[in-house]
Amino acid sequence: METILKISQLTKKFGSLTAVDQLSFSIQRGNVYGILGPNGSGKSTTLGMILNVVNKTSGSFSWFEGFESTHEALKKVGAIIEHPNFYPYMTAVQNLELVCKIKGVNKGKIEEKLKLVGLLDRKDSKFRTFSLGMKQRLAIASALLNDPEILILDEPTNGLDPEGIHQIREIIRKIAAGGTTILLASHLLDEVEKVCTHVVIIRKGKKLYSGPVDGINASHGFFELKSKNNDLLIQILEGHPHIAKVSEKDGLVTAILAEPMEPETINEYIFEKGLSLSYLIKRRESLEEQFLELTKQTHSA
Amino acid sequence: MIMLRLLEIEFHKLRYSRSAKILVFSYFILLSFIALIASIEFNLGSLEFRVADQGIFNFPFIWHFNAYVASFLKLFLAIVIVSMISNEYSNRTLKQNLIDGLSKKEFISSKFLTVLVLSLASTLFLFILSLILGLSFSDYTEVSIIFSDMEYLLAYLINLIGFFAFCMFAGMLIKRSAFALGFIFIWWVLENIAYGIMKWRLFRDSEIADKIAGFFPLEAMGNLLIEPISRLGAVQSAASQMGSDIEKDYSVHFTDLLIVMGWTVIFVFLSYKLLKKRDL
């Protein structure tokens with residue numbers, strides 16, 4: 001698979017503060033990546049470095065396997081960082097024409113992209129008259145003008161009302177469905193969970209995890225069980241070779257799996273031991289639980 | 001080709017900005033007001049005094065005179081230069097330009113190319129204006145006289161480029177138009193204070209202070225075009241009647257041209273370094 005971006009040991013220090021700490025990951029064509037982390041975890045700084053606006057302290061990154069200089073490579077990238085930045089005195093079309101000139105692409109796609117984000121009827125309005133949601137949509141249209149190899153979005157729904165959030169997510173979904181590689185930075189788990197195939201989780205500038213969204217926790221999920229005799233239940237579960245850990249809370253027994261196992265199998269096993277269950281469900285941790293688990297681990301470590 | 005692309009980008013930014021357009025237009029209109037000097041007439045009792053008859057529009061003196069007068073109007077364009085830099089910061093479009101694939105070098109180049117084009121346009125405008133005024137009012141219209149002393153136009157061009165490069169640097173450094181213009185003014189005050197200290201304290205009764213001050217950017221720009229008024233016949237004769245001869249070197253010095261060009265290079269280079277070092 002073709003590597004679009006490779007980051008290795010990238011570090012940024014602001015004085016004594018290390019905003020990004022030896023971060024490494026790479027982005028392959030065709031996937032939708034999420035950079036997930038709480039506010040201030042170094043997401044925007046990382047994007048700033050690969051986009052040529054923040055100077056790195058050490059480490060390296062290369063676009064498109066290093067065949068081009070960063071600013072040449074950026075002409076094949078579409079990116080929106082934080083707030084949409086345009087010339088307030090220009091209309092939507094005039095702003096996009098300028099972007100075409102900078103990226104060196106022809107103006108033919110302006111109408112098409114404005115239509116995609118639903119701004120065609122406001123194309124001759126000045127940027128300063130736009131609402132935040134419209135500004136954000138114009139930014140997406142602008143990022144798409146060159147039909148980019150990769151679209152980078154930093155907190156694209158930040159500060160928008162539910163209607164705006166919905167519109168932006170629909171647009172992202174449409175773009176992703178078209179096969180464009182996307183890198184999406186967000187502190188919102190459900191946003192990443194809904195859109196991304198791969199995720200990089202960072203906290204305090206350090207990478208905690210990178211890989212497929214469903215592989216965050218190597219765990220095979222867990223069972224929640226209830227019976228009339230929970231003590232015996234726990235005893236039986238602890239005796240099973242495929243169960244890693246058993247705990248009880250408010251009458252609900254949780255058994256974390258060490259190996260994959262179907263609910264039928266455990267049900268039969270417990271029944272053979274002479275106990276019948278009143279409640280059994282198999283669950284996987286949601287990304288949110290896994291995310292909290294991951295960030296908690298390093299916190300106590 | 002590359003330069004054309006950068007100029008096109010900057011022109012696109014300026015052409016839709018109403019304030020930039022108004023300032024540039026008023027600049028060129030004010031430049032052409034130099035022609036109005038011709039119509040100034042005094043009536044001092046029985047004495048009739050017409051400025052146009054005093055020889056200010058005579059070739060080749062007109063090159064010096066017009067270049068000197070026009071150089072004051074550059075403040076109008078200075079506002080355009082400073083705000084075309086600082087607006088990129090306040091609108092955060094500088095950041096977006098870089099993300100869109102403009103390199104930092106290209107960004108500075110596009111601004112400096114604009115400085116060059118505006119300076120050249122102004123010089124060309126002044127050339128045509130002076131030519132027309134001269135041809136209408138000059139006592140001498142031989143081609144060899146018309147096109148002598150053209151170095152004043154070169155001095156004018158270098159003066160504009162140097163000053164605008166300084167404005168560009170101030171804009172990059174301060175990021176706010178008003179404060180950047182304030183910075184230039186404070187710089188000018190500081191140059192004068194430094195000169196004053198040298199002249200009246202450190203190196204009294206010697207030329208050393210003037211020599212050193214000649215290397216200050218604004219002072220060097222000023223030295224390019226010495227005031228032409230005392231060159232006028234009427235002023236000269238009035239002075240000699242009062243018993244003092246005005247002895248002044250009005251010529252354009254090669255060293256001054258070199259110093260201002262040196263500062264231009266320094267200002268552009270520092271602007272680039274500043275942008276390169278900054279996290280946006």
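Letters go in sequence order (proteins before strands), and every chain restarts at 1.
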Verify the neighbour count for atom [atom1] of [X]: are there more than 12 heavy atoms of other residues, nucleotides or ligands below 6.0 Å?
X      : atom1 : answer
B/I2   : CD1   : no
A/K75  : NZ    : yes
A/R169 : CZ    : yes
B/F269 : CZ    : no
A/K126 : NZ    : no
B/F28  : CZ    : yes
B/M150 : CE    : yes

Practice item. Specify which of B/L6, B/N91, B/T93 makes the most heavy-atom pairs with chain A at under 4.5 Å. Key: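 The candidate making the most pairs under 4.5 Å is B/T93.
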Practice item. Count the heavy-atom pairs under 4.5 Å between each of B/D100, B/L102, B/L98 and chain A, then report the option with the highest count. Key: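 Between B/D100, B/L102, B/L98, the count favours B/D100.
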Point to revise | Shortest non-hydrogen contact from A/Y87 toward B/K13 | key: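 In terms of heavy atoms, the two residues are closest at OH-CE, 3.0 Å.
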**Study point:** Heavy-atom pair with the smallest gap, counting every atom of A/Y89 and B/Y16
**Key:**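 Looking at all heavy atoms of both residues, the closest pair is CD1-O, 3.3 Å.
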Review point. Pick from A/M49, A/H71, A/M90, A/K12: which one has the most heavy-atom pairs with chain B under 4.5 Å?
Key: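 Among the listed options, the one with the most contacts to chain B is A/H71.
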Check your understanding: Given the options A/T45, A/L51, A/N55, which has more heavy-atom pairs under 4.5 Å with chain B than any of the others?
Key ->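 Most pairs with chain B among the choices: A/N55.
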What part of [X] gets within 4.5 angstrom of chain A, counting heavy atoms only: side chain, backbone, both, or neither?
X      : value
B/N97  : both
B/R5   : side chain
B/K104 : side chain
B/R278 : backbone

Check your understanding: Under 3.5 Å, is there a donor-acceptor pair between the side chain of B/H12 and the main chain of A/V99?
Key ->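 Here the side-chain-to-backbone pair does not exist.
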Check your understanding: OG of B/S103 to CG of A/L74: how many Å apart, nearest 0.5 Å?
Key ->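 The distance works out to 10.5 Å.
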Check your understanding: Rounded to the nearest 0.5 Å, how far does CD1 of A/I152 lie from CD1 of B/I99?
Key ->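 Going from the CD1 atom of B/I99 to the CD1 atom of A/I152 covers 9.0 Å.
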Check your understanding: A/L98 and B/I9: side chain to side chain contact (heavy atoms under 4.5 Å, CB included), yes or no, with the steps?
Key -> CA-CA 7 Å; A/L98 180 64; B/I9 289 172; 3.9 Å; yes
